[in-house]
There are 2 protein chains.
Amino acid sequence: MPGPIQSLTRAAAVLRLLAGGERRLGLSEVAASLGLAKGTAHGILRTLQQEGFVEQDTVSGKYQLGAELLRLGNSYLDVHELRARALVWADDLARASGESVYIGVLHHKGVLIVHHVFRPDDSRQVLEVGAMHPLHSTALGKVLSAFDPVAHNEAMDVERTAFTHRTVVEADAFEKVLEDTRSRGWASDMEETWEGLASVAAPIHDRRRMPVGAVGLTGAVERVCEEGEVRSRLVASVRDAARSISRDLGSSPF
Amino acid sequence: MPGPIQSLTRAAAVLRLLAGGERRLGLSEVAASLGLAKGTAHGILRTLQQEGFVEQDTVSGKYQLGAELLRLGNSYLDVHELRARALVWADDLARASGESVYIGVLHHKGVLIVHHVFRPDDSRQVLEVGAMHPLHSTALGKVLSAFDPVAHNEAMDVERTAFTHRTVVEADAFEKVLEDTRSRGWASDMEETWEGLASVAAPIHDRRRMPVGAVGLTGAVERVCEEGEVRSRLVASVRDAARSISRDLGSSPF
DNA sequence: CAATGCTGTTCAGCATTGCCGACCAACTTC
DNA sequence: GAAGTTGGTCGGCAATGCTGAACAGCATTG
């Protein structure tokens, strides 16, 4: 395979750098962080700014991500077939379970949330579409790691940080979890990522029976679990939703 | 000002092209649409793919936008100061009014929605964050056009399409609408964009009293209006919210 | 069933392109 | 006011990436 275009990979690195740090970054910081000459970095930033991918604070001169990225990210969702098919099923699942519902796909050693339905009550919640969740500690991540070979490799490679004392970190133990997930067809997360929160998820397959994503719900452990186990009613709802979406995508049910 | 980087502007054009068409595009289509040699287009696409900005359907070989854009768009929202400050106020406004609330900023001859709170009932709604609304027919757009000189120019330049029979299209009449908006400090949209929907919006100013965005609500014309006029209670709520956000941004209230 | 149009992809040669690093101007901070 | 910053610019060199043609895999077509 021929080499990639230098200026493009550098521009992508700039965007990722800007996405990483919370605050705005100056030209010199960008150049130094990426090991580029100031002139080079400036050329890239100037072009990205003209295209709307980057904005410059007129007073401080520092740079941040631009609005065009939001627009393009939204367009991505529009063409995303899995998401489009899953919309109504996710809604039903949220209604039936009373919990927040997430749909995620594998992306860059993590789970990218492509759809999120709020828990159907009036509590204040923040939308997590576009956010990344860890592969090794969430129900969505475990499902992907168990059924998608690529995700499996990435999950084993990545450093599995312990978010809580219940997080499974050790390789052998984690592999065991994935085997269980494969055999029973769904995964759970009992306060392994966030204290007090539990989640359940099941895999979504496409027409060629390849795993393309996962659907799951998350909620307070007191509501989701019973005697240390996930309520079987919720497990059934999640698996039903996953099957329905898969069928919508053309996967035959048998 | 020195010239922009060729390959970058071309890559941006590719992304915008992919964002425009609903369906996936083939290499040849991309190359032809942009007037590039096939080899050139392929190099750009290949690099964008490696960076995750573009994905290729393995079976058809066609290209579509990639997941990384969603992630970056999300990061954009994280850094967006206006949005961060406005979150709670938008929530309160939705609660008080019982309608969906939008926050928009000027972007590329339109209004980019950076925040959207669902109408507080159980109806099925689609999140419009990242979507573009027209400048000349929505309340948000009119507010921006009235108070932001840049938006004003763009609104006058752009071709104002008539979405409904009530849309104000003609230049003089539109200018009149903007003057009214300026004098009373808020704008409305009575079925000028979508049949049956009305909206109200007010401007948000930053610490230097420059207009940086707008906040508004949208709902069924029967609920929002009364005897052909927007309910004054809703107008007051929207303007209060706009003032609160502006104050949060450091704009002095007098 | 082969011919013919597609598709995406590769490659080598050439000159355009954009990278580099020094330089400049405008602000802070001593 | 000097010595740091900062972001921004510019000329010259060569590495870079663009071009256009040729390739391989697939469908549809004659």
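- Note on A:Ser28: only backbone sugar-phosphate atoms sit closer than 4.0 angstrom, heavy atoms only; bases stay farther off.
- With a cut-off of 3.5 Å on both pairing distances, the Watson-Crick or G-U wobble partner of D:dG30 is C:dC1.
- Between B:Arg10 and D:dT19 there is a side-chain polar atom (N or O) within less than 4.0 angstrom of OP1 or OP2.
- Atom pair A:Lys38:NZ and C:dC24:C1' shows a separation of 10 Å (rounding to whole Å applied).
- A:Lys62 comes within 4.0 angstrom of nothing in the nucleic acid, heavy atoms only.
- Residues B:Val105 and B:His80 are in side-chain contact: their nearest non-hydrogen atoms beyond the backbone lie under 4.5 Å apart.
- OP1 or OP2 of D:dG8 lies within a sub-4.0 Å distance of a side-chain N or O belonging to A:Tyr63.
- The stretch residues 144-157 of chain A participates, sequence neighbours left out, in these side chain to side chain donor-acceptor pair (under 3.5 Å) pairs: A:His152-A:Glu175.
- Taking only side-chain nitrogens and oxygens, B:Ser7 never comes nearer than 4.0 Å to OP1 or OP2 of C:dT17.
- Aromatic pair B:Tyr63/B:His42: centroids not less than 6.0 angstrom apart.
- Comparing A:Leu27 and A:Gln6 along DNA chain D, the residue whose closest nucleotide (by nearest heavy atom) sits nearer the 5' end is A:Leu27.
- At whole-Å resolution of the value, CG in A:Asp57 and C1' in C:dC27 are 15 Å apart.
- Rounded to a whole Å, the NE2 atom of A:His42 is 17 Å from the P atom of C:dG21.
- Of the residues near DNA chain D, B:Thr40 and A:Glu29, the one whose nearest nucleotide (by heavy atom distance) lies more toward the 5' end is A:Glu29.
- Look at the P atom in both C:dA26 and C:dC30: the space between them is 23 Å, to the nearest Å.
- If you check every strand for non-hydrogen atoms under 4.0 Å, B:Gly39 touches a base.
- Distances from the side chain of B:Ala37 to the nucleotides C:dG8, C:dG21, D:dG20 place D:dG20 closest.
- As a whole-Å value, the separation of B:Arg46 CZ from C:dT10 P is 6 Å.
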Next item on the list: With ring-ring contact (aromatic ring centres under 6.0 Å, His included) as the test, would you mind laying out the steps for B:His133 and B:Trp194 before giving the verdict?
Entry: CA-CA 11 Å; B:His133 287 187; B:Trp194 298 281; 5.3 Å; yes

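- Nucleic acid contact class of A:Gln56 (heavy atoms, under 4.0 Å, all strands): sugar-phosphate only.
- Interatomic distance, CG of B:Asp78 versus CZ of B:Arg83, reported as 7.0 Å (0.5 Å rounding).
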